[in-house]
2 protein chains.
Amino acid sequence: MVTKQLLKGLPEDADLRRADSLAREIFSDIANKWALLIIEALGERTLRFSELRAEVEGVSHKMLTQNLRMLERNGLVDREVHPTVPPRVEYTLTGPGQDLRAAVDVICGWTHQHLGHIENARTRFDT
Amino acid sequence: MVTKQLLKGLPEDADLRRADSLAREIFSDIANKWALLIIEALGERTLRFSELRAEVEGVSHKMLTQNLRMLERNGLVDREVHPTVPPRVEYTLTGPGQDLRAAVDVICGWTHQHLGHIENARTRFDT
DNA sequence: CGGTATCCAGTAGGATACTG
DNA sequence: CAGTATCCTACTGGATACCG
């Protein structure tokens with residue numbers, strides 16, 4: 001449970017509280033637009049930096065590197081540098097990354113499936 | 001496909017391009033920390049505003065109202081006002097909201113399942 | 001109790017330029 | 001080509017105060 005605070009102050013809770021705060025931290029990391037879109041893009045295949053930039057519509061150079069570092073740090077993405085010139089850097093989802101990707105896929109599917117419902121809800125709301 | 005730009009400029013594409021940009025807009029709306037945590041919290045049961053505030057650890061009054069309006073506008077959440085005094089306002093997931101909640105559940109599960117992997121990846125990365 | 005408005009500090013994030 | 005650093009604006013989001 002990410003949303004719930006663990007019960008107060010018993011000494012034995014120390015480990016659980018740490019795990020919970022770690023979970024919340026990770027959740028905050030990945031629950032953002034660019035991270036999820038990058039994961040989704042990498043689901044199909046390994047991509048180089050420049051390919052990712054083209055694939056993830058609207059992402060800036062800065063946001064892309066920033067999120068890639070974060071995903072790498074959390075073990076969701078592997079970064080492979082080919083020491084050629086010019087350099088060639090490839091990003092691949094790790095196992096856990098692939099798992100998460102499946103969930104993101106569901107969200108993407110959900111979005112397209114409910115476009116109509118949402119559009120209606122919006123016009124109803126905006127009046 | 002949320003991440004891909006649709007193919008350029010053929011007149012027949014107008015509808016598809018509209019759908020795609022709408023999808024991206026919706027995705028940006030819901031792919032944020034607070035929205036997902038609120039959906040997750042409401043998955044268990046209908047909650048009043050103040051209960052939500054307690055349930056979603058760390059959310060501010062402002063962020064909560066803001067995200068609730070957004071979720072209501074997109075038809076993910078129903079808002080029911082009981083005209084008592086003091087007022088009582090209850091929030092419930094709609095059908096589509098419940099569907100999305102299932103996906104968010106998967107992400108929450110994923111997070112807890114891979115805590116170890118992630119922690120290791122982090123210490124490896126941070127050296 | 002729940003919602004809205006105001007203020008403002010912190011930061012996210014774009015543009016740009018430079019390195020290997 | 002990919003990464004890092006710098007600058008600078010715009011917006012996010014918290015605190016506070018006030019209405020119904």
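Since the structure is predicted, the reported quantities are computational estimates derived from the model, not experimental observations. The sequence lines fix the lettering, A, B, ..., with proteins before strands; numbering per chain opens at 1. Hydrogens, waters and symmetry mates are skipped; everything else that's a heavy atom, side chains included, is used.
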Between the protein and nucleotides 10-13 of chain C, which nitrogen or oxygen pairs are less than 3.5 angstrom apart?
{"unit_1": "C:dG13", "atom_1": "N7", "unit_2": "A:Lys62", "atom_2": "NZ", "d": "2.9"}

Measuring only between side-chain heavy atoms, which start at C-beta, is [X] closer than 4.5 Å to [Y]?
| X | Y | answer |
| --- | --- | --- |
| A:Asn74 | A:Met70 | yes |
| A:Glu44 | A:Arg101 | yes |
| B:Ile118 | A:Leu22 | no |
| B:Ile26 | A:Arg122 | yes |

Looking at every heavy atom in both [X] and [Y], which two are closest together, and how far apart are they?
| X | Y | answer |
| --- | --- | --- |
| A:Val56 | A:Ala41 | CG2-CB, 3.9 Å |
| A:Ala23 | B:Thr111 | O-CG2, 3.6 Å |
| B:Asn32 | B:Trp34 | OD1-N, 2.9 Å |
| B:Ala103 | A:Val106 | CB-CG1, 3.7 Å |

State which residues pass side-chain contact (heavy atoms from CB on, under 4.5 Å) with B:Arg88; sequence neighbours excluded, sorted by chain then number. B:Arg48, B:His82, B:Thr84, B:Glu90
Residues forming a side-chain hydrogen bond (donor to acceptor under 3.5 Å, both in side chains) with B:Thr92, sequence neighbours excluded: B:Thr46
Rounded to 10°, the angle between the first-five-pair and last-five-pair axes of the helix from C:dC1-D:dG20 to C:dG20-D:dC1 is 40°
Sidechain-backbone polar pair: A:Thr94 side chain, A:Gly75 backbone, donor-acceptor under 3.5 Å: yes
Within this structure, what is the CZ-to-C1' distance between B:Arg69 and C:dA5, rounded to whole angstrom? 14 Å
Reading DNA chain D in the 5' to 3' direction, which nucleotide is the first one with an atom under 4.0 Å from a heavy atom of chain B, and which is the last? D:dG13 to D:dG20
Any side-chain N or O of B:Tyr91 less than 4.0 Å from the OP1 or OP2 oxygen of C:dC1?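 It does not, given that no N or O in the side chain of B:Tyr91 lies less than 4.0 Å from OP1 or OP2 of C:dC1.
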Which part of the nucleic acid, if any, lies within contact of B:Arg53, taking any heavy atom under 4.0 Å across all strands shown: a base, the sugar-phosphate backbone alone, or nothing? nothing
Per the under-4.0 Å heavy-atom filter, residues of residues 76-88 of chain B near DNA chain D come out as B:Pro87
For A:Trp110 and A:His114, take the angle between the two ring planes, folded into 0 to 90°, and tell me which bin it lands in: parallel under 30, tilted 30 to 60, perpendicular over 60.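 Taking A:His114 first and then A:Trp110, their aromatic rings sit tilted (interplane angle of 30° to 60°).
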After noting the C-alpha distance and the side-chain angles of B:Val77 and B:Ile38, does the key distance pass the side chain to side chain contact (heavy atoms under 4.5 Å, CB included) rule? CA-CA 10 Å; B:Val77 160; B:Ile38 291 169; 5.5 Å; no
